[in-house]
4 protein chains.
Amino acid sequence: MSDTAQGQPISRRERLKRERKERILDAAAAVFAGKGFHQATVRDVAELADVADGTIYNYFDSKFDLLIGLLARLARLETLPGELTEALQSDARDFFVAAFHDRIERIEQGEEMLRALLPQVFVRPELRERFYQQYVQRIATLLEQYLQAQIELGRMRPVNVPLTVRMVQGMFVGLLFLRILGDEPLQSGWEDVPEALATLVFDGLNPEDRE
Amino acid sequence: MSDTAQGQPISRRERLKRERKERILDAAAAVFAGKGFHQATVRDVAELADVADGTIYNYFDSKFDLLIGLLARLARLETLPGELTEALQSDARDFFVAAFHDRIERIEQGEEMLRALLPQVFVRPELRERFYQQYVQRIATLLEQYLQAQIELGRMRPVNVPLTVRMVQGMFVGLLFLRILGDEPLQSGWEDVPEALATLVFDGLNPEDRE
Amino acid sequence: MSDTAQGQPISRRERLKRERKERILDAAAAVFAGKGFHQATVRDVAELADVADGTIYNYFDSKFDLLIGLLARLARLETLPGELTEALQSDARDFFVAAFHDRIERIEQGEEMLRALLPQVFVRPELRERFYQQYVQRIATLLEQYLQAQIELGRMRPVNVPLTVRMVQGMFVGLLFLRILGDEPLQSGWEDVPEALATLVFDGLNPEDRE
Amino acid sequence: MSDTAQGQPISRRERLKRERKERILDAAAAVFAGKGFHQATVRDVAELADVADGTIYNYFDSKFDLLIGLLARLARLETLPGELTEALQSDARDFFVAAFHDRIERIEQGEEMLRALLPQVFVRPELRERFYQQYVQRIATLLEQYLQAQIELGRMRPVNVPLTVRMVQGMFVGLLFLRILGDEPLQSGWEDVPEALATLVFDGLNPEDRE
DNA sequence: TATGAATGAGGGTTCATTCAT
DNA sequence: TATGAATGAACCCTCATTCAT
């Protein structure tokens, strides 16, 4: 009687709860990114989210659990597999530029969350493991498969696949890190990064006979 | 040799002090790397260094100042300019492999200190700035000059110099990061990294006519 | 009998309310006895009573008020006056054994509630006073009168009446306490307590010439 | 060299520490007895002991640990075995009066600590067990042996030894409890308690042939 | 100069109570 | 009237720093 339209039940209540949870995570990302996880107090987060201190504990088990929440949300930003497989047919370099664009954009989107998370990823084993699995390993596997296939098709130079993939991945993390450090040249040239990245990386992957 | 020729008065007292300071920094690096700066207590450091809590404050102004101390010590590990300039003449690829070897080794040496420092570098403006200047900018400038020169000599493909340099630097940070994350393939293939790195980066820098 | 003769309008609604209140008190007794008043949360009580947190506040003013409720309910378990007065005529020792049996049983019945209450009785003046009046003083007065009468009839040794009554009462509390402490001999010999109690107390009250 | 007079070493420092620990326990007893363990804050204790909040944690692991400390101190007040064994020879009734006097006095001495402890003894298993072993069981065993011996010597009526001992012990606890409840007759007649207690208990223990 | 006990501000977390639905 | 999420005051405890010895 109260919810005949079972499709989207409880609607109101439920939606408010979800919104509030998101608001808290937004606040956590902003506050942690701004002053660092330890410098930030739960009250800082609560104030920015415009809730009472205690309310946060209705949604998260602990201050630390907010980081887990951010990590989960970050994982939701990840998709690429779709593009990747369909792009396998197209020209490799074009694909790389597109993929780089995609990554670079995501970094921009998620930068705040990454700034909030990364320092703790170094330090908390639980976070480290989750981050590695969700954020690094999955992508590494995809890239390895792609690279291997390209090499077998003769479209790329035979290289040490696992290490090369790590280097490319590492480069993204490293660029993010330099951005966070406030490196001027990188910030002003940010939109040219994908092209430069492709030039650096891809041309090096060309089979010798390309010339 | 370094002791006697110094003007004499350093002896005993002075050397003990210096040793003790180093012991404290060793302990700080180990403890901070192990549990993170905030999880670690000054007492943890004191105990590992085998001194009393208060003693640390005879050598450092604050807990945070220990990080500054580590940063300074890290800077002392940096030299390359010497090699770099002399190697400018030699074959570029050979130079790169050598330089990469050097960097990779240093990362290993300094990994503990970097693990202690990096998370805080994200978070403390003062540390960020020092780190950027001592550890990033100086090297970036050198690499830019070198790259520019090579390009002008026609030995390298004309690329976006500042961005390319950032990518290479970023890769080192990124690789360190992946190592800290515990990435298996990277750890087991660590000694092959310089060669793979050179293959990836350098071949991509070749002028087209090289072939 | 108690239901129909009441004037009718009690039905349903009213009875449900009363039942619910009892259910909440049952839960409170169980929870407080199990973990102690402060360790127990209102939510613990609510969950065991199968109501929402807020519902409890429709029946009780505060968490503390639950204790008052338990005390009131405990008082309802008390009656003895009836037996006492009628037994005044019978043989004193027989009366004592019967009375002890009665008390010992009550202790068993009310043990959970007493475990919930006693610790707070020590600590909360309001509770202390109510408990003393309802649970101690009334009975003390009765016992004093009885003892005084017996003495005057020459059936008991002339003793310090008020103190002796306190000792007997105290013994009940003390035995309950030892039971709660988990004393093995007391628990396994519990059904023999009335007889042993009578032997100890009553024989000591005999006039010397009785033998 | 620094402490040749090994007899009372480190003296100063060590004694100050011990004194401070006692001062904290004094304060804890007073505060917990006054408002109850949970109503009292660590700060209350600290203020009364005239130390900083944190100082308490240099001496005790937690707030709860203060109770353990009180229990330990209470145990130190206990001795009787000495008297007990030597008094085994003397007249039993005289011994009882003396022993009762002793107990009653101790209760007065330790009342504050007992008021602080008892409510929590009901509620904390760890405390309950310690209290039972240190404070009840030891004495129960002694009394049982004594009583048994007296019975075998024909000086006391053969009774259920374990239960009778529990009753006597329980009476002490119960009297303390009534005292805490503020019972007027008990308080004003407190000094007569040992005599009344002996009359009640001991005469009941007389063999029938005593007359 | 080294020591380590004392300090006390600060913060994560709990939970009784309220109140909109 | 029942619900249960929101509230925020309160409190235990940690730990960087100080300082008397």
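Being a predicted model, the structure only gives us computed values, none of them experimental. Values reported hereafter were calculated over all heavy atoms of this structure, with side chains retained and with hydrogens, waters and symmetry mates removed. Numbers restart at 1 for each chain; the letters A, B, ... are given by sequence-line order, proteins then strands.
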Could you report the tightest heavy-atom contact between B:Leu127 and B:Val121, atom names first, then the distance?
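That closest heavy-atom pairing would be CD2-N, 4.0 Å.
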Of the listed nucleotides E:dG12, E:dA6, F:dT7, the one nearest the side chain of D:Arg20:
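Looking only at side-chain atoms, D:Arg20 lies closest to E:dA6.
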Does a side-chain N or O of [X] approach OP1 or OP2 of [N] to a distance below 4.0 Å, or not?
X	N	value
D:Arg18	E:dA5	no
C:Tyr57	F:dT3	no
A:Thr41	E:dG11	no
A:Tyr59	F:dA5	no

Is there a side-chain contact (heavy atoms from CB on, under 4.5 Å) between B:Val51 and B:Tyr59 once you walk through the steps?
CA-CA 12 Å; B:Val51 298; B:Tyr59 294 88; over 6 Å; no
4.5 Å side-chain heavy-atom contact, D:Arg73 and D:Asp26
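Yes, their side chains come closer than 4.5 Å.
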Are B:Glu111 and B:Ile180 close enough that some pair of their side-chain heavy atoms sits under 4.5 Å apart?
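Yes, their side chains come closer than 4.5 Å.
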Hey, which of these two, D:Asp61 or A:Lys17, hits DNA chain F nearer its 5' end, going by closest nucleotide?
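Result: A:Lys17.
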Both A:Ala52 and D:Asn58 contact DNA chain F. Which one's nearest nucleotide lies toward the 5' end?
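Between the two, 5'-proximity favours A:Ala52.
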Classify the ring geometry of B:His38 against A:His38: parallel below 30°, tilted from 30° to 60°, perpendicular beyond 60°.
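Judged by the thresholds at 30° and 60°, the geometry between B:His38 and A:His38 is parallel.
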Under 3.5 Å on both distances, the Watson-Crick or G-U partner of E:dT21
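By the stated definition (distances under 3.5 Å), F:dA2 pairs with E:dT21.
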Partner nucleotide of E:dG12 by Watson-Crick or wobble geometry (both distances under 3.5 Å):
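Looking at the geometry, E:dG12 pairs with F:dC11.
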Specify the separation, in whole Å, of atom [atom1] of [X] and atom [atom2] of [N].
X	N	atom1	atom2	answer
C:Asp44	E:dT17	CG	P	14 Å
D:Arg15	F:dT21	CZ	C1'	15 Å
C:Ile56	E:dA16	CD1	P	10 Å
D:Leu16	F:dT21	CG	P	9 Å
D:Leu66	F:dC12	CG	C1'	12 Å
C:Asp65	E:dT18	CG	C1'	17 Å
B:Lys35	F:dT14	NZ	C1'	13 Å
C:Glu47	F:dG4	CD	C1'	11 Å

For DNA chain E, whose closest nucleotide is more 5', that of D:Val51 or that of A:Arg43?
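Looking at DNA chain E, the more 5' nearest nucleotide goes with D:Val51.
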If you find the nucleotide of DNA chain E closest to A:Ala40 and the one closest to D:Asp53, which residue's nucleotide is nearer the 5' end?
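It is D:Asp53, whose closest nucleotide lies nearer the 5' terminus.
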